[in-house]
Amino acid sequence: MLMFSSRLTVAVVITTALLGWQRPAQADSVCATDDTGAKICLDQPANRIAALSPGATELVWAAGAGDKVVAVVSYSDYPEAAKDVVSVGSHTRMDLERLIELQPDLVIGWVTGNPPEQLEAIRDLGLPVFSIEPRTFEAVSHTIERLATLAGTEDAGFAEAERFRQGIAEVSRQYQNAEPVPVFYQVWDQPLMTVNNEHLIGKVITLCGGVNVFGELERLVPRISAEAVIGANPEAILAGGMGEENRHWLTRWEEFPGIEATARSNLYFIPPSLVQRPTPRMLEGSRLFCEKLDTARGKR
Amino acid sequence: MSRPLLKPLLVLAFACLAAMVLSVGTGSVSVSPGQVLAVLLGEGSNLQQTLVLELRLPRTLSAFATGGLLAVAGALMQVLLRNPLADPYVLGLSGGAAVGALLAMLAGLGGLLVSGSAFAGALLSTLMVFGLAHGTGSWTPSRLLLTGVVVAAGWGAVITLMLAVSPAQRLPGMLYWLMGDVSYARSPWPALGLLFLVCLLVVPLGRSLNVLARGPMQAAALGVSVRPLEWMIYILASLLTATAVTMAGSIGFVGLVVPHMLRLVLGNDQRLILPACALAGGALLVLADTLARVVIAPEQLPVGVITALLGVPTFLYLLYRSR
């Protein structure tokens, strides 16, 4: 009896110890897998987030955790409130001292944009790094959901992710049977650069019923010649720009009336901030993009 | 070592120490000298410990080692090639290292693999120049110089090609590497060890080097075995440069100008110049890196820009004043 009772006591003590050990961690801990395949777990939802790319900043805000952002990088200009957050330098070279001083408990890295050795240094300092690189519309929603999970803002984040998902689905339904339009999208002017079908902007073109004349090129952001554009003879040319200005980018095509797009005056400007970052603003950008292609169809 | 040689070295060592103290005490986050001292004695807050022990101190030591290695390598190359324009990179070593590093970056690798690849590239380039300069005919420093310069031009073309075809998002990292940046450095200890060893090894050879600097005929006449000495200098300088480039990319200017500056002030005695180069090169790079970190913080500058901006006017001033 004595033995039994002591065994029971031991068992109870061990069980309580185990439960006591595990419970606080289990109750609040949050996990998510990042775009490099690394599983990031936090003992409790993040409260101080460092976003190391302008896109990551927007996505954290979209996830409903904007008020938890303590550090951003240069050009983090959206939403307006992001401009007031402390910058830790450019996304290509961060000031690690300043980052450490802000004591983030979660760092959102950019797989291809941040220097790998700096991300490694941040990990070595014991900070969890969640690296993202959304390449599809669904990935934008999924990223927002994962960020919301890590920040403990599931309600707002999942709603926003769903709004974006539904919005894109709606645009897709609207244009799935639209007449195809050969499109050239100009990301940059000098050197002349476009995107292929793998690029998120390439996916916007497809979404709107456009056909990217350089879609089959191998590189994500190919450098091309003006000759190649003339040869491809797109029916519409859409261009981004530096900031929200791009007068010269489109006027250069006016010299070539042989291009279908010039002949029909289908030269359009799309504010780059609406399509060039993988964020929920792409929904607005996509709608605008699709409207321009519809205008082009109307000129046939 | 005799007394007149010791004094300038002591002065330089003190300058080094001052540069390091300044570097560890300066950053975009302010930590007072007292707090730095407390951290070094094992106290201070967690944040201060991370800042000083994990970010600043390793970086300062890396900058010191890199600068020292480059300056010593430059001084050796100038003796070997008997050409005042010689620097550690003149024989194409940095080009080989750069191609190695950029290839690793293009493949999306980071950290240790970039360093390893850079080191492999540097060694490959050294062996290539070594083999080609040897060729079938007689070996002369001018033949070595020409081979090296042409190989360097070849690497330059490959680098330009790689930059032209790289995806845009990889370019900033690559350009920083090419401009030289101490933030790539990892552990400073191997480089510091190498620097110390080479100084110990080279100083006893100072007399032979002094004679060699006057010309191989004179050296041979005075009983120096010229060929083995020249090869040894080449191999040592290459090893030093490869280590420096592996740590921090191709930082220009230190290897060219520090030895010249010291010669203008201290005279051309290799027994003094070589250890002085290690100290002065190290101090210059520590100062330059401190500036690179804080001038436009939080944006970070590549240190190569600062070394040139600091070094050019100093050097021109010394040159103008001499004779």
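Atoms considered below: every heavy atom in the structure, side chains included; atoms not considered: hydrogens, waters and symmetry mates. So you know, we letter chains A, B, ... as the sequences are listed, proteins then strands, and number each from 1.
Interface remark: A:M193 contributes no atoms to any contact with chain B (heavy atom separation under 4.5 Å). Looking at A:L220, there are no atoms closer than 4.5 Å to chain B (heavy atoms on both sides), in backbone or side chain. In this structure, the portion of A:R219 lying under 4.5 Å from any heavy atom of chain B is its side chain and not its backbone.
Taking both residues in full, the closest heavy atoms of A:D124 and B:E54 are given as O-OE1, 4.3 Å, listed atom of the first, atom of the second, then distance. Shortest non-hydrogen contact noted between B:T50 and A:I100 is CG2-CG2, 4.0 Å.
Note: A:G89 leads A:G89, A:G113, A:S90, A:P222 in heavy-atom pairs under 4.5 Å with chain B. Ranked by heavy-atom pairs under 4.5 Å with chain B, the list A:D95, A:V73, A:V86, A:T112 is led by A:D95.
At a heavy-atom cut-off of under 4.5 Å, chain A is reached by B:R293 from residues 288-296 of chain B, listed in order of number. At a heavy-atom cut-off of under 4.5 Å, chain A is reached by B:L163, B:A164, B:V165 from residues 152-165 of chain B, listed in order of number.
Here the CD-OG1 distance, from A:E97 to B:T26, works out to 9.0 Å after rounding to the nearest 0.5 Å. Interatomic distance, A:L96 CG to B:R56 CZ, rounded to the nearest 0.5 Å: 12.0 Å. Atom-to-atom distance recorded for A:R93:CZ and B:D181:CG is 4.5 Å, nearest 0.5 angstrom.
Using a 4.5 Å heavy-atom threshold, the side chains of B:L171 and A:T92 count as separate.
No more than 12 heavy atoms of other residues, nucleotides or ligands shown are found within 6.0 angstrom of CG on B:N46.
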message: Could you go through A:E117 and B:V114, starting from their C-alpha distance and side-chain angles, then the distance that decides it, and tell me whether this counts as side chain to side chain contact (heavy atoms under 4.5 Å, CB included)?
response: CA-CA 9 Å; A:E117 82 281 354; B:V114 172; over 6 Å; no

